[in-house]
Amino acid sequence: MMKDEESDFVDEIVQSKLPQHTSPARDDFQPWHKVRKQFIREKQWNLLVSEMVRRYLKRQLQTDTTDWLADEEESDRSSEIPEGVILDRPLRCLVIPGDDLLDLRSLYKDTRPFNCYIKYLGFNQGQGSDQKRTRVDVANNEVTSLKEVASNSTVAPDQFQSIASTKSQAYRYMKDYGPFHVVNLDLCDSLFPSLTVDAKYYSAIHRLAEYQMKSQTVPWLLFITTQIEPSQVSVPDFSKMCTPTQHNLRAHPDFAERLASVLPPEALQDDGAIVVISQLNDEQMIFVFGVALGKWLISLGATSSPTWVVEMLRSYRYAIRRDPFVEMLSLAFQFLPKFSPPIDKTGLSKLFVSASQPSSELDSALKLLTAVGKIGDVDLLLKADPDLCSAMEKASADLLESAGYDRERYLEWQGRYYD
Amino acid sequence: MKSPAQSPLAQQIRETKQTRVPVEASLKTDDRILARITDGIYRQPSSALRELISNAYDADATEVVILTDAPRFSTITIRDNGLGLTPESLEHLIEHIGGSAKRTLAGADLEVTKRGDPTKSPGGRKLIGKLGIGLFSVAQFTRHFLVITKTRGDRFRTVADITLGPVNQDERLIDPKANGESQIERGHARIWTEPAPKDESQGTEVKLLDLLPRTRDELASVDLWARIDFEIENEGRALTRAPYFHIGRISRKNPDELELPPRLPWNETHEAREKFEMFLQSVRVLADEDKALVDIEAVCDRYLQTLWTLSLTAPLDYVDNHPFDLSPDGELLFFQLANKTKGQAEPLRLKLGETPRKRLNLKTPYLSKGDTFEVFIDGVQLFRPIVFREQPKTQSAVSTPLAFIGRCREEFEKKPVDLSGGKLDFEAYLFWTPKVIPTQHQGVMIRVGNAAGVPFDRTFMGYQVSEQTRLRQITAEVFVSEGLDGAINLDRESFNYAHPHYQFLVKWLHSAIRQLTNRHKEVGKELRGKRLLEKGAKALRKLDLLVEQKVKARGIEDVPEIVLLERSDEKSASGLRREGKIVLRKRLALPARKGEKQTNAALQSLAFLEGKAVAIGQILHAWGLLEVLSFEDQEILIQDILEILMADAE
Ligand SMILES: Nc1ncnc2c1ncn2[C@@H]1O[C@H](COP(=O)(O)OP(=O)(O)O)[C@@H](O)[C@H]1O
Ligand SMILES: [Mg+2]
């Protein structure tokens, strides 16, 4: 055919591919079907969310507004929420939910006692491929049809990272569904500064924090799950990440002393301040990474206005591989709004309003060191407690069954893994 | 087991629960004409959404959620919490396109109709569907979609992945049935079940995949933006006005980014209902401020127009009140329409708190108590955007809106059913207001049951009389509760004009418009008169004050009273004079007037003339000039002065 006779209208009219049928999902089991992931779901995510919901409920029942930052009394912690009290707004969740929405199903189940109504926004770009798409669609249909889940909850066909750009459709989704109470970034790849993966996650988390700190008014939780592969560390990037930590090292002897107690002397330079990354062993690298990431989030909170205090909560780790050493780190952070009450310095007013404690960056940093030091090893915990282990196995099997997997085949697979 | 006659496909679908191997099935129709329908017979994207919403309504859903991923439109999801489809009804749907079980006796077995009343849904709603082609309106959007559905109490959900047949081939014939009939294949479905917990959840989700580029462009107003781009490129500026509100524009370089952020009447922090109210409010305010923005097409891009159209046609609640639930408050005049060719609308004098519904025993919208139906699209809850309160004011004589309400039941008693199509029963209103906003609300909408195919018909079913201005001031809706069904064309967007029910409605509506016109003219006349009187009274009051001032300036405190007498009252003149009053006989004091019509204006000018006669008399009296004249000369002098003044005025 002659070239000039060809038109270029066609692409705008007819698609190039015939629509392809998809098929039901097969039972192919994945690492996140393992028992220890169930432990993370129940003992970290769901538990911490439940605790926060309980705080929301208490706040809802109270007439006087206590400071979100004030430590809860021990007696308070255990006090019951009267029956029938429900959260007066949906619990908004931003998640990277995978194809089966397992984490959401599990969260739903474990937060039933609080009757909270869940509204979620998921990001899953993999939806583009037909097979996975149908799977997500079916899962999404199942979960949204649960009684206490908002039926306009959705899984957007975008990458979470895309929210970094305010022009992105992903960013619009975030604004439409937020502000969030729970953000669970269960990343398939890594936040760890690495030679092999170039993650854009930091910009996205920065954008998320910016949005949340501007729009949210109550405490919220951020879970970050990331893989760590010390052998692949990118030293320049890691050093950059450690800058705020180094600042603490220099400025605060307390901090330096605490850090020095867990790091080998070689890791600290002569002036006792700078971390030498190449001197860290795998364990220490995880420790320093946890501190550095925590410090980064703390500084985001401290520099916004109003300020947010960031605390690391119960966090866990488990092994992916021993050689080369690869670990999964599942970190939990709580963001607490810090509002300062007006203070009358003249004494004209007879009200007693206690000034809020200026929270020091050092306090947060020291707390962070403690929290990082307490990161639990899921593998050890499960090994040490066979009852816990079998309870998690059962819960995991229930969860997978509810998502359409074959229970027997799952148990068989799981058994093989633990032999 | 639920179904008495379990048939092969349904049986196979159920078996996938064990086998976990999907069933392959052909989409079939018994009819060549219907086969065409799967190629699409609708003109607008909103049509398909309307059909899917109607299906949810028919399935007794209380909530429909539509997610469009606007302005990217990668996929569109329509999710309801209705009864869902059993494998049996799915089988029926797939194997009998165009053979709806609704309104048939088979409907009850398939659990799509109420037992004992095939015109109703199991929950008692009047069914919208009946042809069995609505679902295939999705051909407007795509040739590939997913249906995920679950019925209450079932331990599985059914997933059907459906592709519509080839565009270019003639319909493929497939295995002749035993009775020799053959069916036509129009597509293919892969169906399987997924286990589900035994719970109360139910519902259907239709997910439109691989959207056609054309439809996507249409929803995203690509044509409009392209035109603006073109103008900027060639003329240096846009000649076409960009829509005031729009959903934004996807980047041409990166389909996951927007090159133009949305501009919406609401923001993310508003609740679903508030968003719609703000939309409506903005449309009304803009129309009031800017003549060019009375038209919704100038205010909104295609996406928002689609929302608006859906909100008009879907079976929804009014954003405020149903017109039948309005109560009188001086802001609105009610009339009752007569059903006679030469009839006249009569004022409906409602007591405080009384509604037309109560007075006339109106039944629309025929919902069972507590029944709700809510539709959300991308987080905006839709309502019927027709409001009757706070109408815009204009310069026209009548500024009070007029509501004409009618009901009619025609049994066609003396005619054979085969010719008349049976009973026709409807209720209606015609709402006159100085300015209908947006212009898209001018005209009449016909709702059968609770559903309408198209928004307002601006021709009022072909009303011929030239009443252009007045017609543009009317919004009308007819709610048909019985009949007319047979006159609806396949696409549900037009009627068969020859149908007796349609013909009847035309006649009724045109009579109603005539009644409205007459009443409107009358009200206008009355109001004009009243307004003139008010104006006159004001002028007279001014005259009084003037006289008072002048008289005071002469040092006289009391303004003397002057009485004007009609010819019939002249006898009382001397008595009044004895009381110290000045009396003028109109016959002598006022200039003669030649056979004027008793119009409001004439009466008005007469009243003013009389006022002037009194004023002149009072001034002359204050100057002491009246006493020196005989009574008759007093009258002649005043007449002379008045005549001179009038000559001047003319
Ligand atoms: N949302 C839905 N919920 C339940 N059933 C549905 C739904 N949509 C479609 N169906 C089923 O599919 C059939 C075909 O739908 P449609 O093509 O719109 O035709 P009709 O509504 O005229 O019957 C319906 O009769 C009904 O049984
Ligand atoms: Mg239908």
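Quick note on labels: first sequence line is chain A, next is B, and so on, each numbered from 1. Worth saying up front: this structure is predicted, and the values here are computed from it rather than measured.
Proximity of R190(B) to E24(B): side-chain heavy atoms (C-beta onward) are separated by under 4.5 Å at one or more points. Considering only heavy atoms from C-beta on, W308(A) stays 4.5 Å or farther from Q212(A) through its side chain.
Aromatic ring orientation, W413(A) versus Y410(A): tilted (interplanar angle from 30° to 60°).
Neither the backbone nor the side chain of I66(B) comes within contact range of chain A; no heavy atom of the residue lies under 4.5 Å from a heavy atom of that chain. Using a 4.5 Å cut-off between heavy atoms, N81(B) makes no contact with chain A at all. For R157(B), the part lying near chain A is the side chain, with the backbone staying farther off; criterion is any non-hydrogen pair under 4.5 Å. Neither the backbone nor the side chain of P255(B) comes within less than 4.5 Å of any heavy atom in chain A. The contact between L67(B) and chain A is made entirely by side chain atoms (from C-beta outward), counting heavy-atom distances below 4.5 Å. Using a 4.5 Å cut-off between heavy atoms, I148(B) contacts chain A through both its backbone and its side chain. Heavy atoms closer than 4.5 Å to chain B are found nowhere in S215(A), neither backbone nor side chain.
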Please list every donor-acceptor pair under 3.5 Å in which a side-chain atom of residues 148-155 of chain A meets a protein atom from a residue at least two apart or in another chain.
{"from": "S151(A)", "atom 1": "OG", "to": "E63(B)", "atom 2": "OE1", "distance (Å)": "2.3"}
{"from": "S153(A)", "atom 1": "OG", "to": "Y120(A)", "atom 2": "N", "distance (Å)": "3.0"}
{"from": "S153(A)", "atom 1": "OG", "to": "A150(A)", "atom 2": "O", "distance (Å)": "2.8"}

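Among I250(B), L258(B), N254(B), T75(B), the residue making the largest number of heavy-atom pairs under 4.5 Å with chain A is L258(B). Chosen from L146(B), D69(B), D256(B), V159(B), the residue pairing most often with chain A at heavy-atom distances under 4.5 Å is D69(B). In terms of non-hydrogen atom pairs under 4.5 Å with chain A, the most contact-rich of A70(B), S251(B), G379(B) is A70(B). Ranked by heavy-atom pairs under 4.5 Å with chain B, the first of S145(A), S402(A), A403(A), S162(A) is S145(A).
Residues from residues 167-180 of chain A that place a non-hydrogen atom less than 4.5 Å from a non-hydrogen atom of chain B comprise K167(A), S168(A), Q169(A), R172(A), Y173(A), K175(A), D176(A), Y177(A), given in numerical order.
Side-chain atoms of T193(B) and T16(B) form a donor-acceptor pair, as typed in the model, at a separation below 3.5 Å. Looking at H188(B) and D161(B), their side chains never bring a donor and an acceptor atom within 3.5 Å of each other.
Cation-pi check for R112(A) over Y108(A) is met; the charged atom lies under 6.0 angstrom from the ring centroid and within 45 degrees of its normal.
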Exercise for the section: Check the pair E257(B), S165(A) against side-chain hydrogen bond (donor to acceptor under 3.5 Å, both in side chains), reporting the backbone distance first and the verdict last. Expected result: CA-CA 8 Å; E257(B) 287 203 342; S165(A) 160; 3.2 Å; yes
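K394(A) is linked by a side-chain contact (heavy atoms from CB on, under 4.5 Å) to D398(A), R407(A), counting only residues two or more places apart in sequence or in another chain. Taking the side-chain contact (heavy atoms from CB on, under 4.5 Å) definition, one finds that Q30(A) meets it with D28(A), W32(A), H33(A), sequence neighbours left out.
Between R252(B) and E259(B) a salt bridge is recorded (basic side-chain N to carboxylate O distance below 4.0 Å).
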